[in-house]
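The next block holds one structure in the form of structure tokens; read it before the comments.
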Amino acid sequence: MLHVDPIFAATSTTSSYVAGAVSATPPIAAGGEAIPPPFTIGAVLTETRLDSWLALGLVLAAGLYLYGVHRLRVRGDHWPVARTVFFLGPGLGGIALVTVSGLHAYDTALLSVHMVQHMMLSMVAPIFLALGAPMTLALRTLPQRPRKRLLAIVHSRLARIYSFPLVAFAIFVVNPFVLYFTDLYRYTLEHAWAHELVHAHFIMTGCVFFWPLLGLDPLPGRWPYPARALLMVLSVPFHTVLGLTIMQSTTLFGGDWYPSLNLGWADPWDDQVLAGGILWAGGEFVSVTMLAVLVVQWIKQSEREARRIDRELDRQEARERAAESAA
């Protein structure tokens, strides 16, 4: 959150919002892009962009995943369809929905759109990427040497540190406060490369937090289910606090950036209240949903463990009967 500095506002080359006066020549959005038209469904559909590096990365990730599934099927191995749907649909598809579609044209013009991106990139998409188990797929399809290298990375000290739940929890919670309550957010509005980097950072932060808690891939030092559930419950209040703080703030986030855009179809103050509401309600909804997913995984794991114990008891009973028959 930034307070408007009159000296800065008077000398800024990008905007001039002083004493309620807005410059007659509004600035362009980050990266030199034009100010978008009024926010409508039609505009979102027509502003779709397919030339970004993120779009290329999504296509590459989807292609590699499908190739791995194809290789498993060719050799007769089974791969759950649900994992493929989770990874390609809400996972990669969720990222594309808020970065490649026309929503990207409004992410530096409306704080509410940016918050939708924030929720999708850091909370929704990483959950389904983790449920897609891409690392397990890679380990089952890669040749021996690349597989050993991947395992070495997974079990490296750096991976152990970042995948440790408390470290991931701290990064996940502190990240939005550092972004929105420092000059960093204004900087990302003015520079397209920084804005794109924030998108990638959101995805990585979400993956670091959710992969050890909900992911199906083999990771070192994974906590038991009760501890994971407790950590998820503890993450809920932070998004509530952040959302309410944004809604009740008396200062515009980004300083004079949004007013200086001079959008006749959107009020920066109302949009900021909406953005806080999205973060508050969305954060609680996603937290409850991921907690439900964790409980389902916990139940399934308990059932598998019970079946394993039953099989072991059956084997012991069979051995005892065989010993009695021999005697």
Side-chain angles (χ1 to χ4, degrees), residues 1-41 43-44 47 49 98-99 101-122 175-199 201-202 239 241-283:
M1 187 190 306
L2 298 175
H3 293 273
V4 179
D5 186 347
I7 297 178
F8 171 82
T11 58
S12 174
T13 58
T14 59
S15 59
S16 170
Y17 182 76
V18 183
V22 180
S23 173
T25 304
I28 56 179
E33 298 182 1
I35 300 299
F39 186 84
T40 61
I41 300 300
V44 171
E47 294 290 331
R49 177 185 61 179
V98 297
T99 58
S101 73
L103 284 178
H104 85 276
Y106 298 89
D107 59 3
T108 57
L110 295 173
L111 182 61
S112 57
V113 172
H114 172 79
M115 286 304 172
V116 171
Q117 289 181 325
H118 179 156
M119 296 298 302
M120 178 61 72
L121 297 179
S122 66
N175 173 60
F177 289 92
V178 172
L179 174 63
Y180 298 122
F181 292 93
T182 66
D183 294 342
L184 181 60
Y185 182 63
R186 173 60 184 256
Y187 187 85
T188 63
L189 293 174
E190 297 174 338
H191 301 84
W193 67 269
H195 201 74
E196 296 290 338
L197 188 62
V198 166
H199 290 166
H201 180 68
F202 278 153
H239 282 88
V241 171
L242 181 60
L244 290 175
T245 302
I246 295 175
M247 293 178 69
Q248 299 173 0
S249 175
T250 58
T251 306
L252 284 175
F253 281 65
D256 64 337
W257 173 266
Y258 293 111
S260 63
L261 295 178
N262 199 20
L263 300 178
W265 45 269
D267 179 75
W269 292 102
D270 293 339
D271 184 65
Q272 181 163 299
V273 173
L274 176 60
I278 291 173
L279 190 60
W280 176 19

Minimal non-hydrogen separation, [X] against [Y], with atom names:
X: Pro259; Y: Leu252; result: CG-CD1, 3.3 Å
X: Thr108; Y: Tyr258; result: O-CE2, 3.7 Å
X: Leu184; Y: Val178; result: CB-O, 4.5 Å
X: Leu242; Y: Phe181; result: CD1-CE1, 3.4 Å
X: Trp257; Y: Arg186; result: N-NH1, 3.5 Å

**Report entry** Donor-acceptor contact present, side-chain Ser249 to main-chain Thr245, <3.5 Å
**Finding:** no

Query raised in the report: Short question: side chain of Gln272, backbone of Leu111 - any donor-acceptor pair under 3.5 Å?
Result: no

Measure the [atom1]-[atom2] distance between [X] and [Y] for me, rounded to the nearest 0.5 Å.
X: Met247; Y: Ile278; atom1: CE; atom2: CD1; value: 10.0 Å
X: Leu121; Y: His201; atom1: CG; atom2: NE2; value: 11.5 Å
X: Ile246; Y: Ser112; atom1: CD1; atom2: OG; value: 11.0 Å
X: Asp256; Y: Leu261; atom1: CG; atom2: CG; value: 9.5 Å

**Report entry** Pair Leu189-Phe253, side-chain contact (heavy atoms from CB on, under 4.5 Å): steps then yes or no
**Finding:** CA-CA 11 Å; Leu189 293 174; Phe253 281 65; over 6 Å; no

Report task. Test Asp271 against Leu263 for side-chain contact (heavy atoms from CB on, under 4.5 Å), laying out the working first. Result -> CA-CA 12 Å; Asp271 184 65; Leu263 300 178; over 6 Å; no

Query raised in the report: Sequence neighbours excluded, which residues qualify as ring pair (Phe, Tyr, Trp, His ring centres under 6.0 Å) partners of His118?
Result: Tyr180, Phe202

Report summary line: Sorted by chain and residue number, the side-chain hydrogen bond (donor to acceptor under 3.5 Å, both in side chains) partners of Gln117 (sequence neighbours excluded) come out as Asp107, His199

Query - All side-chain hydrogen bond (donor to acceptor under 3.5 Å, both in side chains) counterparts of Tyr106, not counting sequence neighbours - result: none

Query raised in the report: Should we say atom CH2 of Trp193 is surrounded by more than 12 heavy atoms from elsewhere, each under 6.0 Å from it?
Result: no

Query raised in the report: Got Leu110 and Phe39 here, is their nearest side-chain heavy-atom distance under 4.5 Å?
Result: yes

Query - Check: His114 and Tyr185 side chains under 4.5 Å, non-hydrogen atoms - result: yes

Report task. For Ala194, check side chain to side chain contact (heavy atoms under 4.5 Å, CB included) against everything at least two apart and list the hits. Result -> Tyr187, Thr188, His191

